[in-house]
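Okay, so here's the structure we're looking at.
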Amino acid sequence: MSAVRVVSIVGNRPQFVKAAPLSRALRLRAEERLVHSGQHYDPALADLFFDELDIPEPDENLGIGPGTPLGQLAAMVTGLERVLADHPPDVVLVYGDTTTTLAGALAARKLGHPLAHVEAGLRSFAPSMPEEQNRVVTDHLSQLLFCPTDTAVDNLAREGIEAGVFRVGDVMFDASLLFAEAAAARPGPERWDLRPGEYLLVTIHRAAATDTPEALRALVEVLRALDRPAVFPMHPRTRAKLESAGLFGELDAIPDLTIVPPIGYLDFSRALRDARAVVTDSGGVQKEAFFARVPCVTVREETEWVETVESGFNRLTGLDPERVRAALADLSIPAEQPTFYGDGRASEEIAEALATWWDSRPTSGG
Ligand code: UDP
């Protein structure tokens, strides 16, 4: 029996992290072609991840690069039409909630290919959030939906999606286990003149924090509200927006704030492990803080990773300096940590489910 032919589509930093464990697992059970949309093209957000996480070289790179979300979406869909015609897959696999995810989903279904979504069922219930739009559309187009949590399964059921749903656990948890040892061997926070357990690790880059002058002003005020030394590996998008608003210079005046370019996954994992707390608007980082048992302050009003908040490991503050200050004043977390995100075998379970799905398909004349 022939192995299932999977075309996996990635394009952004968090998708590279997710592809690292899943690509390994898939290649034991399936024939995978990896397509990179080129949405993240900065070497610090892309190439570095392929190298250090040992992700297979992409078979195709669409080289999309910068542009408006719709311009990028159109270019990706056009590129994918060619790629999928050249090498027709048995199933197209997409990750998460980015423009690359949506492009992969649209291209797959318009060309009649089955679609598999990794990180299905997440909802922030913020309909204007670009990621929420991408998730909802992708889930409703998918035949195979791989959910990280019970909440995700429930969200899909509420929208009438029950067939093809698998509760497999979280591939980012797999990645955190897979790379724990390599991360521990990376340089500690002394490289920034910081001491373990005494600093905050900051990442902020979502549109809601960077796309209006008011949001950028609030972001600066949040950074001023931090009550201890902090290191901020700044996403190029955040930096560009602060610079063009003329606000970047104000950050120099904030004592004990160290701004560095984005760092690799292993360095970031190490920095996270040693932090007193994380201040973030990243989806993946909220979970990684939970995995590492590091308190998290999320500068958003809502999260799709509700379990981290309900269990007391994460606090939602919005981009509000007063609420951030209050959250930082009490960083206590529970002694017991529930297991919401599976057992570190999500990638194997996805590979297995795809292989089983393919082997048990109805064949004509069979
Ligand atoms: N990350 C990284 N270097 C950094 C900041 C984040 O490697 O300087 C990693 C982080 O460990 C996580 C992923 O990038 O695995 C999260 O990506 P991002 O915040 O861009 O996306 P989101 O998860 O919000 O979609």
Side-chain angles (χ1 to χ4, degrees), residues 10-22 39-53 55 69 94-102 118-119 122-124 126 129-135 138 148 170-180 182-184 186-187 189 191-192 200-210 230-239 258-275 278-292 294 296 298-300 302-305 308 314 341 346:
V10 295
N12 308 73
R13 174 168 71 181
Q15 294 169 341
F16 308 142
V17 174
K18 293 164 200 173
L22 183 49
Q39 190 180 346
H40 276 172
Y41 50 88
D42 186 317
L45 298 184
D47 306 7
L48 175 58
F49 286 73
F50 281 84
D51 293 343
E52 72 172 13
L53 304 184
I55 303 167
V94 295
Y95 292 90
D97 55 24
T98 70
T99 303
T100 296
T101 317
L102 181 60
V118 176
E119 257 190 16
L122 297 186
R123 296 290 181 268
S124 64
M129 186 180 177
E131 293 88 344
E132 182 79 350
Q133 299 165 358
N134 297 338
R135 293 178 195 124
T138 302
D170 185 41
V171 290
M172 276 190 141
F173 183 44
D174 298 5
S176 75
L177 297 177
L178 184 61
F179 297 112
R186 302 297 299 175
R191 64 201 284 209
W192 301 304
L200 303 172
L201 176 63
V202 182
T203 70
I204 299 176
H205 70 275
R206 299 233 99 74
T210 58
V231 59
F232 185 170
M234 194 179 275
H235 197 289
R237 161 201 180 85
T238 308
R239 187 182 182 109
T258 304
I259 296 175
V260 297
I263 53 183
Y265 177 80
L266 300 178
D267 282 346
F268 190 84
S269 304
R270 171 69 203 258
L272 172 58
R273 206 186 64 156
D274 285 339
V278 170
V279 177
T280 192
D281 64 356
S282 159
V285 173
Q286 291 174 59
K287 275 181 298 174
E288 289 169 347
F290 177 84
F291 305 152
V294 170
C296 186
T298 298
V299 294
R300 290 172 47 190
E302 75 302 301
T303 179
E304 41 296 328
W305 303 105
T308 60
N314 187 6
Y341 297 109

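Start at 1 and go down the list; that is how both ligands and their atoms are numbered. The figures that follow rest on heavy atoms only: side chains count, while hydrogens, waters and symmetry mates do not.
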Enumerated ligand 1 atoms positioned under 4.0 Å from heavy atoms of Arg206: 24 (O), 25 (O)
For Tyr265, atoms of ligand 1 separated by under 4.0 Å from a heavy atom: 7 (O), 11 (O), 15 (O)
Residue pair Tyr341 / Phe290, side-chain heavy-atom distance below 4.5 Å: yes
Close side-chain approach of Asp170 and Glu119, heavy atoms under 4.5 Å: yes
Close side-chain approach of Lys287 and Pro148, heavy atoms under 4.5 Å: no
Side-chain ion pair, Asp281 and Arg300, N-O less than 4.0 Å: no
Any side-chain heavy-atom pair of Arg191 and Asp267 under 4.5 Å: yes
Part of His205 with heavy atoms under 4.0 Å of ligand 1, whether side chain, backbone, both or neither: side chain
Side chains of His235 and Thr203 in contact at under 4.5 Å (non-hydrogen atoms): no
Validation row: Phe232, Ile204 side chains within 4.5 angstrom (heavy atoms): yes
Test of ring centre spacing under 6.0 Å for Phe16 and Phe50: yes
Atom 3 (N) of ligand 1 - nearest protein heavy atom and its distance: Ile263 O, 2.6 Å
Heavy-atom nearest neighbour in the protein, as seen from atom 16 (C) of ligand 1, with distance rounded to 0.1 Å: Ser282 OG, 3.8 Å
Numbering as shown, the atoms of ligand 1 that approach Gly283 to under 4.0 Å (heavy-atom distance): 22 (P), 23 (O), 24 (O)
Ligand 1 atoms in contact with Gly264 (distance to a heavy atom under 4.0 Å): 7 (O)
Atom 11 (O) of ligand 1: nearest protein contact (heavy atom, Å): Glu288 OE1, 2.6 Å
Close side-chain approach of Ser282 to His205, heavy-atom, < 4.5 Å: yes
Numbered atoms and elements of ligand 1 in range of Pro233, under 4.0 angstrom, heavy atoms: 8 (O)
Heavy-atom donor-acceptor pair, Arg270 side chain to Arg186 backbone, under 3.5 Å: yes
Subset of ligand 1 atoms that lie under 4.0 Å from at least one heavy atom of Val17: 15 (O)
Nearest-contact summary for atom 23 (O) of ligand 1 - protein heavy atom, Å: Gly284 N, 2.7 Å
Identity and separation of the nearest protein heavy atom to atom 21 (O) of ligand 1: Pro14 CG, 3.3 Å
Any His235 heavy atom less than 4.0 Å to ligand 1: no
Numbered atoms and elements of ligand 1 in range of Phe49, under 4.0 angstrom, heavy atoms: 2 (C), 7 (O)
Atom 5 (C) of ligand 1: the protein heavy-atom neighbour that sits closest, reported with distance to 0.1 Å: Arg13 NH1, 3.2 Å
